[in-house]
Structure formats: structure tokens, C-alpha cells
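Count residues from 1 along the sequence.
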Amino acid sequence: KQNLRINADIIEQYTFEELLKLDSIYTRTLRANNITNPMQKEAVKTLCKLQIEMDEAIRMKDAKAIKEFQKRNRRFGGV
């Protein structure tokens with residue numbers, strides 16, 4: 001199993017529940033897409049972080065932040 005390496009910066013930015021979700025999304029994405037390339041892994045890490053931030057914006061009903069995250073997601077080829 002390839003877990004998300006958690007450094008001090010990440011620990012300070014996210015709650016315990018968010019860290020668990022980050023690790024879960026990261027691990028499932030690598031496994032589902034058979035990702036082994038380091039550059040792709042970094043892109044997946046970025047997308048995982050964006051997902052957590054997007055979830056928070058949705059929870060807070062922050063329409064401006066949601067719109068910005070949607071723009072950023074499109075740059076990565078998302079919907």
C-alpha cells in the first residue's frame with residue numbers, strides 16, 4: 001500500500017479526519033489508475049488537497065470559493 005507521506009506542513013493544515021480522507025483518496029486513486037510515476041503522484045497529491053478544500057467550501061456554502069476550485073480543477077482535466 002502506498003500511503004500519502006504526511007509532513008509537518010500537511011499536519012498543521014488539516015484536521016485528523018481530513019488527513020484520513022486525504023490518505024484514502026490518494027491511495028485509492030493510485031491503485032485505481034496504476035500510478036507509479038513520481039510526477040503523476042505529485043499531481044494526485046495536489047488534486048487530493050483541492051478535493052478537501054472544495055469539500056470545505058461546499059460545507060461552508062462559499063459560492064466564490066467553489067467557483068474558483070472548479071476553475072482550478074478544469075486545469076487538471078477535471079469536470
Could you verify whether a donor N or O on one side chain and an acceptor N or O on the other, from T27 and R31, lie under 3.5 Å apart? no

Checking the side chain of N37 only, and the main-chain atoms of M39 only, is there a donor and an acceptor separated by less than 3.5 Å? yes

Contact summary for K41 and T36, nearest pair of heavy atoms: CE-O, 3.7 Å

Across all chains, not counting sequence neighbours, the side chain to side chain donor-acceptor pair (under 3.5 Å) partners of E17 are none

Measure the [atom1]-[atom2] distance between [X] and [Y] for me, rounded to the nearest 0.5 Å.
X   : Y   : atom1 : atom2 : result
E42 : I35 : CD    : CD1   : 12.0 Å
Q40 : N34 : CD    : CG    : 9.5 Å
I52 : I25 : CD1   : CD1   : 4.5 Å
D23 : R28 : CG    : CZ    : 10.0 Å
E68 : L50 : CD    : CG    : 10.0 Å

If you look only at distance, which donor and acceptor atoms sit under 3.5 Å apart when one is on a side chain in residues 55-62 and the other is two or more places apart or in another chain?
residue	atom	partner	partner atom	Å
D55	OD1	Q51	NE2	2.7
D55	OD2	K21	NZ	2.3
E56	OE1	R59	NE	3.2
E56	OE1	R59	NH2	3.0
E56	OE2	R59	NH2	2.9
D62	OD1	K64	N	3.4
D62	OD1	A65	N	3.1

State, with a plain yes or no, whether a side-chain heavy atom of K49 is found less than 4.5 Å away from one of Y26. no

